[in-house]
Amino acid sequence: MQLLNSMSYIFKNRQAASSNLLSKQSCSKGLIATLLLSTMHFSVNAATCTYSIIEEWDSGYKTDIQINNTDDSPIQEWVVSWQQNNAHSIDNAWNAEVQCANGDCSATPPSWYSQIGQGESFNFGFVASKNGTNSDDTISVNGAICGEQVSNDTQALWTLSPSSTIQFVTVKKTHVAEVGKFATQSSDSTALQGSINSNGRAVVAIDLSTVDTNIALRNERMRNFLFSIDSLPSAYISVELDTDELADMAIGSALQKTLEAELALHAVKQSVQTEVLIIKTSAENIQVSSVKPIRIDSKGFDLDYGIEVLRGLANLTSIGETVPVYFSFDFVAAPAQQPPTETLPADVNTPENLIASYNTMSTQGELVWQDTSDNESAFVVRRKAIDGPWITSSIVDENIATFTESLPSEGEYDYKIIALNESYPSFPSNVARVTVTEGNQLTRGQEIYETQCAGCHGVNGEGIGAFPAINLERNVEAMIDYIRDFMPQASPASCDQQCAEDVATYIQTLWVSELTCNINDTPVSYGARQLKLLTKSEYQNSVQDLVGIDFEVQNNLSEDSKLGFFTNNTHSAMSASRYSNFLSVAEEIADWSSENSYAPALSCSAINNDCVDQLVDELAPKIFRRALTEEERNLYFEIANGDYTDGDIVEGMKLALEGMLSSPQFLYRHELGESNASNSGIDSDAFELTSYEMATFLAYTYTGSTPDDTLLAAAARDELRDEATIIAQAERLIIESEEKMSDFVGSWLGTKDLALANKDENIWPGFSMLVDSMQQELDKTFSYVMLTPEENFSSLYTGGFTFLNQELADHYGISGSFGDSLEKVDTEDRGGILANGAFMARWGEAVESAPVIRSVRVRRRMLCQDQPDPPAGTFAAREQKLAELSEVLQDPSTTNRTKYHLLTEDAPCTNCHTQHINPLGFGMEDFDSVGRVRSNDLNGNLIDSMGELFAPDRYSNIEESIPFVGTQGLGEVLATLPSAQACLPKQMFRYVIGVGHSEIDTSNPEGTQLAEMEKAGYACSIDKLTDALLNDSPRAMFEQFGTLDAVRYRKAWERETNVSN
Amino acid sequence: MSKYDKTDSKDMQKQALSKFAEKRRSLLKTIVSSGISYSVLSASPLVSGLLYSRHAEAQDAGLPNKSVAIYVPGGGIHDFWAPSGQGDTMQMGPMSEGYEPVKGQCNFLLNMSHANAGHGRLPLILSDSWGGRDSYDVLMGKQLGALLPFTYLNLGVHSNGNGYITRDGSNQIPFQDNPFNVFNLLFGNNSGGNTNAKSAIIDAHANAANAIKNKLAGYEVERMDAHLDAISDTQRRLNELAGNTSTCSTAPDNTAFPLSHDTFSQQARLQADIAVAALKCNLTSSVSLAFGNHQSQFRIPELNFKGLYHQSIHGGSGGLPNYPYYTEMRNHLGSLTAYLINKLETEGIIDSTVVVETTDMGHADLHGSVDVPMLIAGGGNRINRAVTTQASAAYNQHDLLHTAAQACGVNLPYGKEIPGVIA
């Protein structure tokens, strides 16, 4: 009963209280009171006030209020005021004169008071009676000293309207002034939020990410390098106002006032003086605007370092260090009882007793401090070299009160610690000093990187805009030279050898390395649940096999997507036009099938009920690649049976077939899997492909079409969850994989588009007639190596055979008599997929060879190395260079090799061309632009095909190189090169699975990303495939796909999408 | 099967249908028919992410309400591209002669920069973001013509799968490279047979897509939503077309020709014809059109230079000065843009259409990010035409889009207005 009483009591009080803080709590009266009147901290300016209930009983409580003087001068006078429930009375006060009227109380010094000295504190207190009321409202303490308060019953009287702005003026190069602002641009982000509350406190919070200076790159830099919005997203302005004065203002009247506001910015809070004009434009609107700008001294807010960074990045001579800030705040009257829209985060106590020392063993500075707060979210560690600016060393998590770091160079450093409650700072701790006897290169490099490099290359080396990413492994020596000679772009050669070495040391820590397989981390490699929209050719093959059409429909379908080199609809979405195209193609097929009485798919004597049954019971499960659900069966039966066509079965069947051939069940290769509790080898959140899904996977992977009857029968018996059965099916189907192999190699090496690489008819007459045969030659060569069980990987590059017909043999100058169709021929000067007509002609110019392009194709496609695109604006003096070279380029004795050497001989082109690109490409000069072996060029010059493959295994490893002579010489190298061996499984993985082993879309590096664990698993898949390739055969590798964990077992992996801004 | 069962399954279809994105459309319809303006609409959380605020007064003020965005790869050389003078006496450069017939409709933007110059940055041509947000063409379509049969058309000419510029939410939309397909879609009669009957299979598809969706989580759900959207859009279009399939007489000539690499220009002109007809017939309000691809892997056989565009730029021009091959090809691409602008003029809709031509870099042999050639055309009195605008490096490709959107009364959530363009 007692419990019930108190419960209802709480309920009543909740209703009565304007605050809803109570709602989180419950249970007992005492607890409520304790919570609401628990210790609170107040601060403003140079003093802090601490207010606590030190004792509480049913009818009253005892308080203690402490004023701490943190200023550097004594406090002579003070007034502390607060509001309390006006039913409460103060029985007894000590160390202060306390007066109350209608709940508004104030305390002044007692008669014996003299001053509160610097660093000293002063306590007073009182005992109050609740006089029978429940004290669930708290006390707000205000006043000249203890200005800050956090109150539960505060209400917003006025709220800030989104039209408010803060503008600031920046001056660069001493006299160029620009105006920037914080203003709400779109509904996504509100720049300014704030309110004027019933206790007279006005708070405006500024979302610093909304800074707008009209230049996107500058905004980005200000966010990252000046404000550090990752850890300090907001700034706060708070000020005391007289709410009565505002209420009493006549409409249309204006008031000019000088206010003392607190600005909390960049983990520093300071008092700033501002002169404002307040205009009451209507009963509902108040405008507060600056009469004179607030002058923000960047140094005072520890922003001078960030400004120096910006100055360096923008290559300016100077940026003004004092920033005038103007504001225009529009407040509108808030509805009654509205809580403040933006209150300051609660005060956080100042960390104390910071002690700093230097550990000579570890050569690190060590800090320890006292965590005096229970509400901090983080600590800011700031460091400054003697005479230098304050730099944020680190942001340390809450409840951690130690910090260790290496320091850039010898000398003395000061530290201070600031506690944060979100973006709201405490006062700084004491300053402590360390003396460093040994500097740290990494720290030095980091400091230089962050000030000189990160503005273009990104904080993590990811690249910004047109500036290249540098987070991939590169040769360190070359990088040091490049930094020393060319960086930063705005003032090359300003970073000396030592500086370049320091930076290079740091950049290496930013490298993202490819994951390697660790079987302990990923005992099972889970693939992603996928829905793969049929590609055009898969659709064509499927309807041919299902319905027996003898005409092309795929060209009437919407375009396939392409990811990497391959056609890939794994992520393609249905759009209205794509769907409409499917509908009209399906309609065309259904019409044709109806005209043929559904032969050969069905054997209908007439279009009758029997034929309807056949359509729904025999053909539909083949189209859906699984048994129909009862609902699906009923639905399509009704349609076919004429329910929607006024009983017309002919029209009904057409409609049903059209529906099936444009249905989601048909259009998506369904690889979602199902939970399988009986499989203890997989995680509980994993999905196992059903036998029907596996049948679909196998059919499209090996034959590019829908499952045949054998597969569907095996699926109906649920046999395709077993490795041996899957392998057996893969072995059966792989015989039909020639078309898939052609599609793969044509996409991988780009030879599908051989027709695009047209040749000058005057020099290479009749080339276009050879295109088909050349493509077939490569396709057949590749398929042969991939599908013949006795073949091995090295044959791809050193086969010593190719496939020829008469016209190709004539073109290549190979003697002998051949037919019209291609046959396998042993060759001496060509063979494999590299020393081959299609590849060499595809990557040849209209007249001459294309050594640069060929080289990049080999490195990217055959070695799977990332050869970066040239960065923007690499070589500004291009036109001058071309003019210089004009004569020699037109000289017939200039070979293609010489030409490309001259075009790329100047820095910074040399950075990539001298080693990675040119020597590799020049080694393939023994093949002309139409795929023939040559020893002289068109002008009779002797061909030099000496080549060198730099960085054969890793792009960064240019110390290593392998010399070779001619294209076949390069083939010999690739045949045994580990990077080339692992590359084929990687490419094939992307082709079959629909995502790369390490990324989804190479052409959208900042787009959707694979989950980390997903990638870790795929690394194991690649290992498994590579093992099969090398230890067994290319064919065995291809057969492995059906039994890969990543195929059989799936998870709903998280995918991350970066959305800028 | 009992009668009861039958009714039941039909009801289930109806339910399934009402569950999907039809919601969005019906909301639009309700609100529009109630006379509430687009700006109110755009503030609705139900359509947030779909619509940004087109100023309410935009329609009343008769601002342009059609949008064309053309992507021409490979930038241009400022000195050869930048026209001088203005009005009838404006002098075109060797790289911009192709615009001569329509220069009176164009505002040539000079000294622009590119925020993301280079190859392989297609996602940022019509958007400020690599993913997750509608590209300009899609956004403009949703803003200007959410109720038209096609929200947007994204046409290509030999894009060959080299990346995408169009994104509907997170979904990349491949270019429609085949003009005959597009023709059939827009002007062909694919509402054959009984529309009511058709809706039986469309309902069945919606059912099935919902069934699949129920098995999914995360990003794949978005794809099924797109599928459901596609279904509902198509159904709506078929319903509206029922009974009056060919209301518009400007359908272009679709005489077949091979879509080979040799017919690049012919394909480009047919795509332009289709784009203009689609806009004129109110089939859509937003078209994007890409000539070639960012790898510059295409050629134009009727020109003197026979190789790939890429080759015309790099490789030293056989020792000849002033990039004669690059100039010839770039000029020709500009003439294809001019063809479209001219067609808009002939059809009398140039004043209500704002055309932008954008690109991926400045001087392509340098992969330059400054002096990027771009233009904005049409828009009637809303746009200052037959002039050049000296912009500056402070303005980039996103500001071009912002300005064009602004001209149509649409507030693009990124970029800023380039001064001197909007009259």
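What you are looking at is a predicted structure, and each value in this text was computed from that prediction instead of being measured. We use all heavy atoms of the structure for the numbers below, so side chains are in, but hydrogens, waters and symmetry mates are not. In what follows, every chain begins at residue 1, and chains take the letters A, B, ... in the order their sequences are listed.
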**OP:** Find the one option among A:Lys654, A:Glu845, A:Met660 whose heavy-atom pairs under 4.5 Å with chain B are most numerous.
**Re:** A:Glu845
Subject >> Any donor-acceptor N/O pair, A:Lys881 side chain to A:Leu903 backbone, under 3.5 Å >> reply: no
Original post:
Taking every heavy-atom pair that is under 4.5 Å apart, which of B:Val182, B:Leu216, B:Leu153 has the most such pairs with chain A?
Top reply: B:Leu216
Original post:
Can you tell which of B:Pro321, B:Ala394, B:Ala209, B:Gly315 has the highest number of heavy-atom pairs within less than 4.5 Å of chain A?
Top reply: B:Gly315
Original post:
So which part of A:Asp560 gets closer than 4.5 Å to some heavy atom of chain B, the side chain, the backbone, both or neither?
Top reply: backbone
Original post:
Among B:Asn171, B:Asn178, B:Ile173, B:Ile201, who wins on heavy-atom pairs under 4.5 Å with chain A?
Top reply: B:Ile201
Subject >> Region of A:Asp869 that comes under 4.5 Å of a non-hydrogen atom in chain B >> reply: side chain
Original post:
Checking A:Leu756 against chain B: side chain, backbone, both or neither under 4.5 Å from a heavy atom?
Top reply: both
Original post:
By a 4.5 Å heavy-atom criterion (distance strictly below it), what part of A:Lys759 contacts chain B: side chain, backbone, both, or neither?
Top reply: neither
Original post:
So which part of A:Leu885 gets closer than 4.5 Å to some heavy atom of chain B, the side chain, the backbone, both or neither?
Top reply: neither
**OP:** Sort A:Thr570 into side chain, backbone, both or neither according to what part of it lies under 4.5 angstrom from a heavy atom of chain B.
**Re:** backbone
**OP:** Kindly indicate whether a cation-pi arrangement holds for A:Arg529 with A:Phe687, taking the cut-offs as under 6.0 Å to the six-membered ring centre and within 45° of the axis.
**Re:** yes
**OP:** Determine, step by step, whether A:His571 and B:Gln172 satisfy the side-chain contact (heavy atoms from CB on, under 4.5 Å) criterion, reporting the C-alpha distance in whole Å, the side-chain angles of both residues, the deciding distance to 0.1 Å, and the verdict.
**Re:** CA-CA 8 Å; A:His571 297 88; B:Gln172 293 184 330; over 6 Å; no
Subject >> Option that, when pairs with chain B are counted at under 4.5 Å, heavy atom only, ranks first among A:Ala850, A:Ala755, A:Ser558, A:Ala656 >> reply: A:Ala755
**OP:** Could you look at B:Glu222 and say if it's the side chain, the backbone, both or neither that has a heavy atom under 4.5 Å from chain A?
**Re:** neither
Original post:
Contact part of B:Lys416 toward chain A, heavy-atom cut-off under 4.5 Å: side chain, backbone, both or neither?
Top reply: side chain
Subject >> N/O donor-acceptor pair under 3.5 Å between B:Asp128 side chain and B:Tyr414 backbone >> reply: no
**OP:** Applying side chain to side chain contact (heavy atoms under 4.5 Å, CB included) between A:Phe582 and each of A:Glu587, A:Met574, A:Glu658, report the one that passes.
**Re:** A:Met574
**OP:** For the residue pair B:Asn293 and B:Phe175, establish whether any side-chain heavy-atom pair is separated by less than 4.5 Å.
**Re:** no
Subject >> B:His294 versus chain A, the contacting section by heavy-atom distance below 4.5 Å >> reply: neither
Subject >> Residue A:Asn569 versus chain B: region with a heavy atom under 4.5 Å >> reply: backbone
Subject >> Minimal non-hydrogen separation, A:Ala846 against A:Trp764, with atom names >> reply: O-CD1, 3.4 Å
Original post:
Is it the side chain or the backbone of A:Leu902 that comes within 4.5 Å of chain B heavy atoms, both, or neither?
Top reply: neither
**OP:** For the residue pair B:His310 and B:Gln295, establish whether any side-chain heavy-atom pair is separated by less than 4.5 Å.
**Re:** no
Original post:
Do you know the tightest heavy-atom contact between B:His398 and B:Leu124?
Top reply: NE2-O, 3.1 Å
**OP:** Below 4.5 Å from any heavy atom of chain A, which atoms of B:Phe305 appear? Answer side chain, backbone, both or neither.
**Re:** neither
Original post:
If you count heavy-atom pairs under 4.5 Å between each of A:Leu667, A:Leu557, A:Thr629, A:Val888 and chain B, which one has the most?
Top reply: A:Leu557
Original post:
Which atoms of A:Tyr668 come close to chain B, meaning under 4.5 Å heavy atom to heavy atom: side chain ones, backbone ones, both, or neither?
Top reply: side chain
**OP:** Select, from A:Ser572, A:Pro664, A:Ala576, A:Ser663, the one with the greatest count of heavy-atom pairs under 4.5 Å involving chain B.
**Re:** A:Pro664
**OP:** Select one option (side chain, backbone, both, neither) describing which atoms of B:Gln176 are under 4.5 Å from chain A's heavy atoms.
**Re:** both
Subject >> side-chain contact (heavy atoms from CB on, under 4.5 Å) between B:Arg223 and A:Leu531, worked out >> reply: CA-CA 9 Å; B:Arg223 284 178 75 211; A:Leu531 288 166; 3.7 Å; yes
Original post:
Which word best sums up how the rings of B:His158 and B:Phe264 line up, parallel for under 30°, tilted for 30 to 60°, or perpendicular for over 60°?
Top reply: parallel
Original post:
When only pairs under 4.5 Å are counted, which of A:Ala573, A:Ala1052, A:Ser575, A:Ser577 shares the most heavy-atom pairs with chain B?
Top reply: A:Ser577
Subject >> Parallel, tilted or perpendicular: ring planes of B:His363 versus B:Tyr323, cut at 30 and 60 degrees >> reply: perpendicular
Original post:
Heavy-atom distance under 4.5 Å to chain B: side chain of A:Arg578, backbone, both or neither?
Top reply: side chain
Subject >> Validation row: B:Asp371, B:Ile77 side chains within 4.5 angstrom (heavy atoms) >> reply: no
Original post:
Which of the residues B:Arg299, B:Lys306, B:Gln311 is involved in the greatest number of heavy-atom pairs with chain A at under 4.5 angstrom?
Top reply: B:Arg299
Subject >> Residue among A:Ile639, A:Asn556, A:Asn758 with most heavy-atom pairs under 4.5 Å to chain B >> reply: A:Asn758
Original post:
If you look at every heavy atom in A:Glu651 and A:Asp648, which pair is closest and at what distance?
Top reply: N-OD1, 3.1 Å
Subject >> Residue pair A:Ser849 / A:Ser929: nearest heavy atoms and the distance that separates them >> reply: N-CB, 4.0 Å
Subject >> A:Ala528, part contacting chain B, at a heavy-atom distance under 4.5 Å >> reply: side chain
**OP:** Check whether A:Ala883 gets within reach of chain B through its side chain, its backbone, both or neither, counting any heavy atom under 4.5 Å.
**Re:** neither
Subject >> Residues which pass side-chain hydrogen bond (donor to acceptor under 3.5 Å, both in side chains) with B:Ser113, listed by chain and number, not counting sequence neighbours >> reply: none
**OP:** Measure B:His205 against the heavy atoms of chain A and call it side chain, backbone, both or neither at under 4.5 Å.
**Re:** both
Original post:
Checking A:Thr567 against chain B: side chain, backbone, both or neither under 4.5 Å from a heavy atom?
Top reply: neither
**OP:** Applying side-chain contact (heavy atoms from CB on, under 4.5 Å), run through B:Lys213 and B:Val221 and close with a yes or a no.
**Re:** CA-CA 6 Å; B:Lys213 184 178 160 184; B:Val221 171; 3.9 Å; yes
